[in-house]
Amino acid sequence: MVENISGSLIDWSRAQFALTAAYHWLFVPLTLGLAVVMGLMETVYYKTGDEKWKRTARFWMKLFGINFAVGVATGLILEFQFGTNWSNYSWFVGDIFGAPLAIEGIVAFFMEVTFIAVMFFGWNKVSRGFHLASTWLTGLGATISAWWILVANSWMQDPVGMVFNPDTMRNEMVDFWAVATSDTAVVKFLHTVLSGWVLGAVFVVGVSCWFLWKRRDKAFAVRSIKVAASVGLVAALLLAWTGDSSAYNVAKTQPMKLAAIEGLYEGGNGIGLVGVGVLNPSKERWDDGEDAFLMKMEIPRMLSLLATRDMDGYVPGIGDIIRGGYQLPDGTTALSAQEKIERGRSAIASLADYRRLRAEGDTAAASAARAELMEDMPYFGYGYLSAPGETVPPVGINFYSFRVMVILGGYFIAFFAVVLFLAFKRDISRFRWLHVVALVTIPLGYIATQTGWIVAEVGRQPWTIQDLLPVGAAVSGLEVGSVRTTFFIFAILFTVLLIAEIGIMLREIRRGPEQAASDVSNDKKA
Amino acid sequence: MRNNVLVRIYRFYLDGFRSMTLGRTLWVLILVKLFVMFVILKLFFFPDFLGRAGDDASKADYVANELVERME
């Protein structure tokens, strides 16, 4: 339904938020990853007192600073857009969303702002130990910030620990720990932060290989590669493990997302995992009878194993979820999408009745309407949908994005293993093909992190909050022209800033670690 | 003693900002970005729907109407 809100407004609002989020996510993972790499380098300096490690850490710290400065506040714009473009959502989520973001703001401000200043201004002004602690605390602050942001995002994917209050029209938190430590939040945090570590490692290895390609600063480059590739390999292996946990969790909490990721229209027991496949572009609806694939290569029964931990476990497809009638893991029978839509409409009607009756002072009738509302509340968002087919997220973008992410994840494991072998057992500076591969791998790192978020967010459609609020009900009633205009302003601004960042970053990389050494010398003179 | 610590912290930051080279460019970037995003866009494009609604009860009424009417 959502008849008085145009699809164009929803699309432009989503596009604007996606643009901002994608841009923000260019900076965050590199911040998280570089923090670990430079922290380890400075730790070696602290332990050995070897100035080479100080020079190395300081070089990467400078690139961290550029990335941090250009990326800072892009996350604030997202929070700003919640209020302007998604005002219904913003009010409806209440303190569930506000509390984690407020904690994030306070922690980010006190930890990052305080310790980042010591990290950059404090060389030779504070003790080595205090400086090292500040470096690690800067990274820890960024990681804790990520935790709370991801808690908020996870709640949108898997809303728990709250009760809807029809008087305030807000969801009110009743169990903080259920929100903060839900399986979805824990898995998402680990998977996301580890992806940042992988990107940081890919970046450091790639830039270091550029120095080797240019035949300069060889010792510095090899030192950096050894640290970064070690971090990268460990993180990439752990990423595979958390990815598996993530898929298992999605199967439980967002089965439609999993079905879309797999292009699985008809489920069953012992379902295979599509390793490689080409979707049939002629398939436009879930029930049009067209084959889902032009070709596919499956790993037999693997999807059942990943989703249920049982090779013969039942995995519902898109059609099964829409038709309902299958047994859920808790033993109950799944409702059909049409039944959910009807209960959602009933919930919205009960909400209208409750507020009208309360205003009229009819307490008893209002109480009955409220009871009906609470009974149907789990399906509230379905009331805004016109047809069962609207519950299906875009299959193509989910299917392909997921495979790009997973294939690149596997590639990173092999990449770091080869780099580590050559760095520790051979003279890596002689393998010029590897230098090129490492440079090409930098954009692949970004593609992997972006496709990961595409799967997470596009796979959640049509919901802003799973089952409770679709995008059409969440969006503000803005003029489409305003949203479209600001979309292009943001796009231009972000592009200019990105060009500026890349320009500054490349200039500093070209200047190399010698400049960092020169800075250190100047500090000593000072 | 306390003043002394505060003065040292103040000087630490002051010296740090004064000695910045690349940092100055980055600060200019940050300020331009914040100005464009939060002042220009806020002033010229987006009405504050909830802000116009007044107190919390009015905001709840506004959102309730929105959510009910969007189904109809």
Side-chain angles (χ1 to χ4, degrees), chain A residues 1-5 62 65-66 68-70 72-74 76-77 80 83-85 87-88 90-92 117-118 120-122 125-126 166-170 344-345 348-349 351-352 355 380 383-384 469 472-473 476-479 482-483 485-486 489-490 493 497 500-501 504 508 519 522-523 526, chain B residues 2 4-72:
Chain A
M1 285 196 180
V2 197
E3 287 165 351
N4 54 348
I5 291 293
K62 185 169 272 191
I66 296 166
F68 188 90
V70 181
V72 76
T74 52
L76 285 177
I77 302 162
F80 178 70
T84 56
N85 298 44
S87 54
N88 293 340
S90 183
W91 185 261
F92 188 76
V118 176
F120 283 110
F121 300 158
K125 290 179 182 165
V126 298
D167 293 316
T168 60
M169 288 301 296
R170 310 190 89 168
R345 289 175 187 168
I348 297 166
L351 172 67
R355 292 187 65 87
F380 186 84
Y384 298 99
L469 199 67
S476 302
L478 294 163
E479 294 293 326
S482 296
V483 182
T485 304
T486 46
I489 291 175
F490 277 133
L493 182 67
L497 283 169
E501 187 211 30
I504 297 168
E508 292 304 317
D519 292 343
N522 290 339
D523 282 348
Chain B
R2 191 178 165 206
N4 190 29
V5 171
L6 291 176
V7 167
R8 283 171 60 195
I9 292 172
Y10 171 74
R11 282 187 179 153
F12 175 83
Y13 276 87
L14 188 67
D15 290 347
F17 281 113
R18 275 184 177 162
S19 62
M20 281 194 308
T21 50
L22 175 64
R24 289 182 191 192
T25 310
L26 296 174
W27 270 107
V28 170
L29 263 180
I30 290 170
L31 293 175
V32 168
K33 175 172 61 176
L34 288 174
F35 180 76
V36 172
M37 288 173 177
F38 291 100
V39 180
I40 295 179
L41 292 180
K42 179 70 179 171
L43 282 179
F44 291 101
F45 289 101
F46 293 128
D48 184 356
F49 290 100
L50 292 179
R52 285 188 310 202
D55 61 11
D56 280 0
S58 302
K59 288 175 183 171
D61 286 341
Y62 172 82
V63 173
N65 287 337
E66 281 275 301
L67 293 185
V68 169
E69 286 173 10
R70 287 197 185 186
M71 185 192 74
E72 292 165 349

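Each chain gets a letter, A, B and so on, in the order the sequences are listed, and its residues count up from 1.
- Side chains of Ile504(A) and Leu29(B) form a contact here, defined as non-hydrogen atoms less than 4.5 Å apart.
- Contact between Lys125(A) and Asp15(B) at its shortest, heavy atoms only, is NZ-CB, 3.9 Å.
- Both the backbone and the side chain of Ile348(A) come within less than 4.5 Å of a heavy atom in chain B.
- The minimum heavy-atom distance linking Asp167(A) with Ala60(B) is given by the pair O-CB, 3.8 Å.
- For Lys59(B) against Trp91(A), the heavy-atom pair with the smallest separation is CD-CZ3, 3.5 Å.
- Contact between Phe12(B) and Phe121(A) at its shortest, heavy atoms only, is CZ-CB, 3.7 Å.
- Between Asn65(B) and Arg355(A), every side-chain heavy-atom pair lies at or beyond the 4.5 Å cut-off.
- At a 4.5 Å heavy-atom cutoff, the contact between Leu67(B) and chain A is made by backbone and side-chain atoms alike.
- Residue contact with chain A, scored on non-hydrogen atoms closer than 4.5 Å, involves the side chain of Tyr62(B) exclusively.
- Across all their heavy atoms, Asn88(A) and Glu66(B) have their closest contact at ND2-OE1, 3.0 Å.
- Here the straight-line distance linking atom OG1 of Thr168(A) with atom CG of Asp56(B) works out to 9.0 Å at 0.5 Å rounding.
- Separation of atoms CG (Leu351(A)) and CE (Met71(B)) is listed at 9.5 Å; rounding is to 0.5 Å.
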